[in-house]
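Model, not experiment: these values are computed from the prediction.
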Amino acid sequence: MQRIAIILLVFLSSCSIQKKLPEGARLYAGSEIEMNPQAPKDNVKEVEEVLSSNTFPASNSYLLGFPYKVWFYYNIGEAKKEKGLRSFLQRKLAEKPVFFNPSNLETNESNLENIAANMGHFTTDVIGEAKSKKYKTKAVYEVNLSPGYTINKVSFMAKDFQMLTNSDEVFRKTLLKTGKTYSLQNIKNERQRISDIFQNDGYYLLDANRIIVEVDTNLNSYQANLLVKLKDEFKEQYTRRYKIRNVNIYTSFEGESSQKDTLKQNLNTIQNEGLKVFSTGRYFKPKVFQESIVFRQGDYYSKERQQVSYNRLTNLQNFKFIRNKFEIGSDTSTNWLDVNYYLSPNKRKSLKAEINGQTKNNGLLGAEVGVAWQNKNFFHAAENFNLEFNLGRDLQFSKGALANNFTRYDVRAELVFPRFVLLFNRLQAGLSGGIPKSSVFLSYEGLNQEGLYTQTSLNTGFTYHWRKNAEYEHTLTPVYFNLVKPRNVSDEFIEQVLDSDNPNDLKRYFEILDSRLVLGIEYKLNFLPAFAQDKWNTWNMNFGVDIAGNIASLLASKQVNSENGTRNLFGVPFDQFVKLTYETRFYRKFGNLTWASRLFSGFGLPYGNSNILPQFKQYFIGGSNSLRGFRARSLGPGTVAPQDLAGSVFGNAISGDVRLELNTEFRYKFTEMLELAAFYDTGNIWFYNENSAFGEEGKFTGNFLNELAADVGLGLRLDFSYLILRGDLAIPVRKPWRTESPWVFNEIQLGQKSWRSENLIFSLAIAHPF
């Protein structure tokens, strides 16, 4: 691989790009900032980063100093058709050349001086210079950075803010702090913050432009005094506090707001709350708008309530166009606002068909066709009803031969209510993170392993979704029911199991042969902390708890079935377990380089009627979205060696009750289409109880950290906008079944065919692994 890259670079360099450029033109090679601070203790690095990202134009992409995208531009040639192959290659691989323009030097000098001044360095001087080499010219800017100003004192014109219901919030939470560096951006943010306080307290016209911050720098000490006040101009008008008079909703809006008189042909009024619904076509029950719009007659205007109402209407997914307009009452003696919502409904019913290619965590590759019918206003209260049918075919590859052939089908129906129903009271008018949702689902699934057996699954349940705010998303399923039954178990399959030398096959056989019932409750939390999100960092956390069997145990007979040693409900053994799952993901950007990491842990505790988790609730490891140096479901449990499980009738089918996994990778985006990655994965699975098929080697103990497997590898990703095609090549570097010497770095032999056949794993998948 390295040799190919070197040969390619030599080839590109030998094909000089200079002869393809227009006469006298030079490629712009970007800019460089040379800092010359007059006060070394200032925030020089921060200023340099900001200045470096604010020069223009943006230069072409370079690889080891070579403008490879410009090379592609000239060698691919001009596209004559918009949709041809040449046009596609130009969009994905090439860039038009960016030429150096001397006039940009002076413009950038002025721009950089202004930016430095906005960061408190008021008398900074910038001198630009062009430096040329061969066919490229770089702009170098010498920044003579003046000492930065700090805030000496912050004052507020008290009389301007005493009208507020909670004026203390203005002073107590100010962004302008004594001793901090002067920043124009902080001043803008402070003006907007104060404006939001006013507008959430009824002052509809008092926007950020009505708030000024006077800066006094005449202290001869590189310090500034700040005074925050309201503008005197038109002060009487914009300091009026407005109340809501009417809330008008036009549900069949198709054009200009001048249509509103026509839209009043049919009228439904929500009594006593001042909401008027005008409709000339598609019908919505009044409670849709009672729950979505949080303005009421007599309320003071609130910018926050305005945004909440808009977001709720959007989340209903029933309207393709939403316009919110406020009108000030014509009687100047009263401060009234009329709120108008102009809504254009989506089509109520739709039918779509899809064909998908996909890869799964268990290493399966396959295709699927599906048909879905949707009704977005099922009971005329914005309920969303979905009916889907899918048919798919999956193949699992292992050492070049087919290990598993699956045909799968499912029928699923789901009805989603944009409110709490049954167990909770309806949503009260007020502010929250959004409209809660309740869903009822019913599905029937079939999975046929070719020539062996068919497993069917009936699922139903009731789920609530809600948000406290943008950070917390909750999902609660107070009850779900899952019945798994086998069908069409072939004699050939039974013979293969009985003749197999793999003890896991017999265990899996009884899992499949037994019908199982799961009656449980499940809760999930998705946490996206606001403090950890910015343009460089993203962090999120998922937590889940799944408890099954308690209700079934109360309903079931106390008598133990003599055949399988378990208690039954409706003649079927039921499972009892607690399952805890935690996952966190972290992404850190360094320009075109992204560091991505994932930590996953899952713990299942079977008890009572269960010795292990039901097979469809267990964890597995390995494969394209897990430990990529090990084939899917071929690793573990614990220190069990893969060769001890060879010859399985089921192919790679190892699973367990406990899972621990860490993945980390560096992704470098060379172009919009091409991304390279280097990664490290580690983890394993275990059983909570000692399992007859695996013995003590597969049981979870306090020594679990010494039983982790690990791999390293390289990946290539092609981004086609509508999908990401991923290829990962990995090798194992830690084999936990080798308890004496698990690390195998010294055994790597890339030049040996037999070693590559056993250890080099290639995964082809769609989308990023996490």
Side-chain angles (χ1 to χ4, degrees), residues 287-288 290-294 304-305 307-318 376 381-386 412-443 459-482 518-533 537-551 577-587 598-605 613 616-617 619 659 770:
K287 69 177 180 179
V288 173
Q290 275 183 311
E291 296 167 345
S292 302
I293 297 172
V294 297
E304 185 179 10
R305 287 176 177 267
Q307 190 61 48
V308 167
S309 300
Y310 182 87
N311 290 341
R312 289 185 177 187
L313 288 171
T314 302
N315 290 336
L316 290 177
Q317 299 180 2
N318 269 257
K376 292 186 176 181
E383 300 89 355
N384 196 330
F385 178 73
N386 292 278
R412 178 180 176 87
E414 182 178 30
L415 180 61
V416 180
F417 301 85
R419 61 190 64 87
F420 284 140
V421 296
L422 294 183
L423 301 184
F424 294 90
N425 294 327
R426 71 176 180 87
L427 178 69
Q428 301 299 317
L431 302 182
S432 71
I435 288 183
K437 295 182 180 180
S438 309
S439 68
V440 183
F441 61 89
L442 174 66
S443 70
N459 292 275
T460 187
F462 197 88
T463 300
Y464 294 103
H465 307 268
W466 75 97
R467 284 181 175 274
K468 177 182 177 182
N469 49 43
E471 293 184 292
Y472 296 90
E473 181 179 7
H474 306 269
T475 302
L476 173 65
T477 303
V479 60
Y480 70 87
F481 175 91
N482 192 349
V518 179
L519 185 61
I521 178 174
E522 188 173 17
Y523 169 76
K524 296 178 182 178
L525 169 67
N526 182 30
F527 176 48
L528 190 70
F531 71 86
Q533 318 300 322
N537 297 283
T538 303
W539 178 67
N540 75 304
M541 180 204 77
N542 292 283
F543 171 78
V545 57
D546 190 353
I547 303 174
N550 292 341
I551 298 176
F577 61 86
V578 175
K579 181 180 176 183
L580 302 174
T581 302
Y582 173 82
E583 182 182 23
T584 184
R585 302 184 182 196
F586 175 74
Y587 304 90
R598 171 181 63 180
L599 173 65
F600 183 96
S601 60
F603 186 86
L605 173 62
L613 294 186
F616 54 90
K617 290 286 186 176
Y619 301 106
R659 175 182 164 193
F770 54 91

To the nearest 0.5 Å, what is the distance between [atom1] on [X] and [atom2] on [Y]?
{"X": "Ser292", "Y": "Leu313", "atom1": "OG", "atom2": "CG", "answer": "5.0 Å"}
{"X": "Glu473", "Y": "Arg467", "atom1": "CD", "atom2": "CZ", "answer": "4.0 Å"}
{"X": "Leu442", "Y": "Leu415", "atom1": "CG", "atom2": "CG", "answer": "12.0 Å"}
{"X": "Ile521", "Y": "Asn550", "atom1": "CD1", "atom2": "CG", "answer": "9.5 Å"}
{"X": "Phe603", "Y": "Leu613", "atom1": "CZ", "atom2": "CG", "answer": "9.5 Å"}
{"X": "Asn315", "Y": "Tyr310", "atom1": "CG", "atom2": "OH", "answer": "10.5 Å"}

Taking only residues two or more places apart in sequence, or in another chain, which ones meet [X] in a side-chain hydrogen bond (donor to acceptor under 3.5 Å, both in side chains)?
{"X": "Glu522", "result": "none"}
{"X": "Tyr523", "result": "His474"}
{"X": "Asn311", "result": "Gln307"}
{"X": "Arg412", "result": "none"}

Between Glu583 and Thr581, is the side chain to side chain contact (heavy atoms under 4.5 Å, CB included) condition met? List the steps. CA-CA 7 Å; Glu583 182 182 23; Thr581 302; 5.5 Å; no

Partner set under side-chain contact (heavy atoms from CB on, under 4.5 Å) for Asn386, not counting sequence neighbours: Gln374, Asn384

Phe543 and Phe527 aromatic centres sub-6.0 Å: no

For [X] against [Y], the heavy-atom pair lying closest together:
{"X": "Gly602", "Y": "Tyr619", "value": "CA-OH, 3.3 Å"}
{"X": "Ala381", "Y": "Pro418", "value": "O-CG, 3.6 Å"}
{"X": "Val288", "Y": "Ala382", "value": "CG2-N, 4.0 Å"}
{"X": "Thr460", "Y": "Phe441", "value": "OG1-O, 2.9 Å"}

Derivation and outcome, salt bridge (charged side-chain N to carboxylate O under 4.0 Å, His left out), residues Arg419 and Glu383: CA-CA 9 Å; Arg419 61 190 64 87; Glu383 300 89 355; 3.6 Å; yes

Any side-chain to backbone donor/acceptor pair from [X] onto [Y]? Under 3.5 Å, distance only.
{"X": "Asn540", "Y": "Asn526", "value": "no"}
{"X": "Thr463", "Y": "Leu476", "value": "no"}
{"X": "Glu471", "Y": "Ala530", "value": "yes"}

With a 4.5 Å heavy-atom cut-off, do [X] and [Y] have their side chains touching?
{"X": "Met541", "Y": "Leu525", "value": "yes"}
{"X": "Trp539", "Y": "Thr584", "value": "yes"}
{"X": "Pro478", "Y": "Tyr464", "value": "yes"}
{"X": "Val479", "Y": "Phe481", "value": "no"}

Could you pull out all residues at least two apart from Lys617 that satisfy salt bridge (Lys or Arg N to Asp or Glu O under 4.0 Å)? Asp546

Arg312/Val294 under side chain to side chain contact (heavy atoms under 4.5 Å, CB included): CA gap, chis, key distance, verdict: CA-CA 9 Å; Arg312 289 185 177 187; Val294 297; 3.4 Å; yes

List the steps and the verdict of side chain to side chain contact (heavy atoms under 4.5 Å, CB included) for Phe600 and Phe770. CA-CA 11 Å; Phe600 183 96; Phe770 54 91; over 6 Å; no

